[in-house]
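What follows is a short report on a single structure.
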Amino acid sequence: MRISELARRTGTSPRALRYYEEKSLLRPDRSASGYRDYDERAAQAVRHIQLLLSAGLGTSVIAEILPCIPDDTTVLAPTCPELLDGLAEERVRITRSIDKLAAARDILDQLLQTRPVRD
DNA sequence: TTTCTAACA
DNA sequence: TGTTAGTA
């Protein structure tokens with residue numbers, strides 16, 4: 001399928017799909033005319049990319065992880081044990097970020113003399 | 001018409 | 001990320 005169809009089927013834009021390719025997240029074939037030609041697996045890969053992106057992972061990390069996710073799942077635990085440590089570290093970084101943000105919010109709550117409110 | 005690349009907003 | 005230009 002061509003880029004616009006893949007974009008439509010995955011809810012992204014052709015622009016984003018070209019960007020993914022530039023970051024080596026996707027490697028579509030090319031038609032004789034130079035048009036990108038995507039297969040079914042690409043559609044699944046894009047969904048994985050979007051999931052990983054929403055997890056806050058960078059494109060370089062995603063490029064490593066992607067080949068470890070089977071087309072039909074969203075879990076990689078059983079597949080590539082080597083990556084698990086790296087992702088665990090990523091999780092630690094995220095936790096630290098959350099803690100810092102929470103601390104910043106607490107300070108603002110004090111300055112504003114408001115009682116902590118849940119969003 | 002659709003897509004391509006590259007560059008600019 | 002969107003958009004634009006000039007092509008094939």
field: Salt bridge A:R18-A:E22, side-chain N to carboxylate O under 4.0 Å
entry: no

- prompt: Atom CD1 of A:I3 to atom P of B:dT2: distance rounded to whole Å?
  reply: 14 Å

message: Looking at A:E21 and A:R36, is there a salt bridge between them, counting it only when a charged N and a carboxylate O are closer than 4.0 Å?
response: yes

message: Using a strict heavy-atom distance below 4.0 Å, which residues from residues 9-26 of chain A are in contact with DNA chain B?
response: A:R18

- request: Write down the partner of C:dA8 under the Watson-Crick or G-U wobble criteria, each distance required to be under 3.5 Å.
  value: B:dT2

- prompt: Please give, in whole Å, the distance from B:dT2 P to A:R2 CZ?
  reply: 8 Å

message: Take a 6.0 Å sphere around CZ of A:R30 and say whether it holds more than 12 heavy atoms from other residues, nucleotides or ligands.
response: yes

field: Validation row: A:D37, A:M1 side chains within 4.5 angstrom (heavy atoms)
entry: no

- prompt: In whole angstrom, what separates A:E5's CD from B:dT1's P?
  reply: 19 Å

- prompt: Atom OG1 of A:T10 and atom OH of A:Y20: how far apart are they, to the nearest 0.5 Å?
  reply: 7.5 Å

task: Drop me the distance from A:L101's CG to A:R96's CZ, to the nearest 0.5 angstrom.
output: 14.0 Å

- request: Give A:S4 one of three labels, base, sugar-phosphate or nothing, depending on what nucleic acid heavy atoms sit under 4.0 Å from its own.
  value: sugar-phosphate

task: Using atom CZ of A:R30 as one end and atom C1' of B:dC4 as the other, report the distance to the nearest whole Å.
output: 8 Å

